[in-house]
Asks: 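Below is one structure. I have some questions about it.
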Amino acid sequence: MFDTKVLNRALAASLIAGLVGNAALAQEVGKSPWGPKDEIGRLNLITPESRAAILSRIDGGRSYDLAVEYFIGMPSWEAAGDPPYQMWMTHTPHGTAVSDPMKVGKEMNEHVSYTGSAVSMYAHMGTHIDALNHFGLNGKIWNGYAATEYLGDQGWTVTGAEKLPPIIARGVMVDVAAAKGMQMLPDNYRVTRKDLQQTLDRQGVKLKQGDVVLIRTGRMQHYKNASAYMNNPPGLSIDAAKFLVEDGGAIVVGADNLSFEAFPAETENNYVPVHTYLLAQQGAPIIELVNLEGLSRDRIYEFAFVGASLKFRGADAAPIRPVALPLR
């Protein structure tokens, strides 16, 4: 079972900017084939030619919003000590008429109503993309960047969320829940390589290098109930992640759950082995809380994926608003 107290202890024990430091591990971070200054990993595989190829196939008749709503009480990592989503009003029509913050007078304020708001949130809330600095190994992140050298009080000076380019690529949805005849995978279910292969065969889709691959577990049906969504979620196994990247050629992976991988971890010496494999070793960003229910309903398995995240300088993640556009 996924115990948030256990996760809390594990986080507290290893949290130095999210890096897992264990010198005894044989695992090391990946060195980029795109050179010592690379900060975006497998997103380098997006080219003008690959963008043009997928955009030329859009049918234009439908679009699917893959993002979730942000609201007070939404699922979050509060159990790990991270702040919840908060939204508050900074200006209201009535309050403005009373306080006159713009010094335009009561008559003008009653004529021109003014509404303003502010938000506060953890970067890993709602539909978001993990930057490559989110998790590392032995004090380093993707491409050998060391926290001691590149992490300051204002965030990372390399691989920040602001470095992530707009993603325009072929998207593939792997509907594991539907392939198993389920509305939702069971609690703690760990998706395997075999599950992915069987689902792709059933859907009649083959993965290609450069794909954005999104896994549907069905968990999104619990999204409006934070405790149900967070408690004991299904997720991917290490072998399944390797299948997506090493065999399938994915440049970005994602799913409809909060953490992509399943808990407890398959390994004793790493509590988030799928994250460290993808981010630190392969340079593959992860998109979490992707709403795949519409694509599943209409059995859309292949599409143009278009998404751009907010440019949070030095951050380890940022909200993203992805769109799926079916193909001709």
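Every value quoted in this text rests on a predicted model; they were computed, and no experiment measured them. Count residues from 1 along the sequence.
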Asks: Taking side chain as C-beta onward, heavy atoms only, is D38 less than 4.5 Å from P36?
Replies: no
Asks: Side chains of S227 and N225: do they bring a donor and an acceptor to under 3.5 Å?
Replies: yes
Asks: Report yes or no: do N270 and Y277 form a side-chain donor-acceptor pair below 3.5 Å?
Replies: no
Asks: How would you list all residue pairs meeting salt bridge (Lys or Arg N to Asp or Glu O under 4.0 Å) that involve residues 207-234, not counting sequence neighbours?
Replies: R170-D211, D175-R216, D187-R219, R216-E293
Asks: For the pair E39 and K163, find out whether any cationic side-chain nitrogen is under 4.0 Å from an anionic carboxylate oxygen.
Replies: yes
Asks: Dump the intermediate steps for side chain to side chain contact (heavy atoms under 4.5 Å, CB included) on N143 and V29, then the final yes or no.
Replies: CA-CA 7 Å; N143 214 15; V29 298; over 6 Å; no
Asks: Between R57 and E302, is there a side-chain N and carboxylate O pair less than 4.0 Å apart?
Replies: yes
Asks: Check whether D130 reaches the backbone of P285 with its side chain - one donor and one acceptor, N or O, closer than 3.5 Å.
Replies: no
Asks: Can we say D239 and K194 salt-bridge, meaning some charged N sits less than 4.0 Å from an Asp/Glu carboxylate O?
Replies: no
Asks: Will you find, in the side chains of E288 and H124, an N or O donor that is under 3.5 Å from an N or O acceptor?
Replies: no
Asks: Please tell me whether Y64 and F305 form a close aromatic pair, meaning their ring centres lie under 6.0 Å apart.
Replies: no
Asks: Does a donor on one side chain and an acceptor on the other come within less than 3.5 Å for S259 and E261?
Replies: no
Asks: Find out if a path of hydrophobic residues (ILVMFWY) with successive side-chain heavy-atom gaps under 4.5 Å connects M220 to M184.
Replies: no
Asks: Are L310 and I320 connected, step by step, through hydrophobic side chains (Ile, Leu, Val, Met, Phe, Trp, Tyr) whose heavy atoms are closer than 4.5 Å?
Replies: no
Asks: Does V174 reach the side chain of L214, with side-chain heavy atoms less than 4.5 Å apart?
Replies: no
Asks: Is H111 reaching over with its side chain to a backbone N or O of N109, donor-acceptor style, under 3.5 angstrom?
Replies: no
Asks: Is a side-chain donor or acceptor of T199 paired with a backbone partner of D195 at a separation under 3.5 angstrom?
Replies: yes
Asks: With a 4.5 Å limit on heavy-atom distance, are the side chains of I215 and D256 in contact?
Replies: no
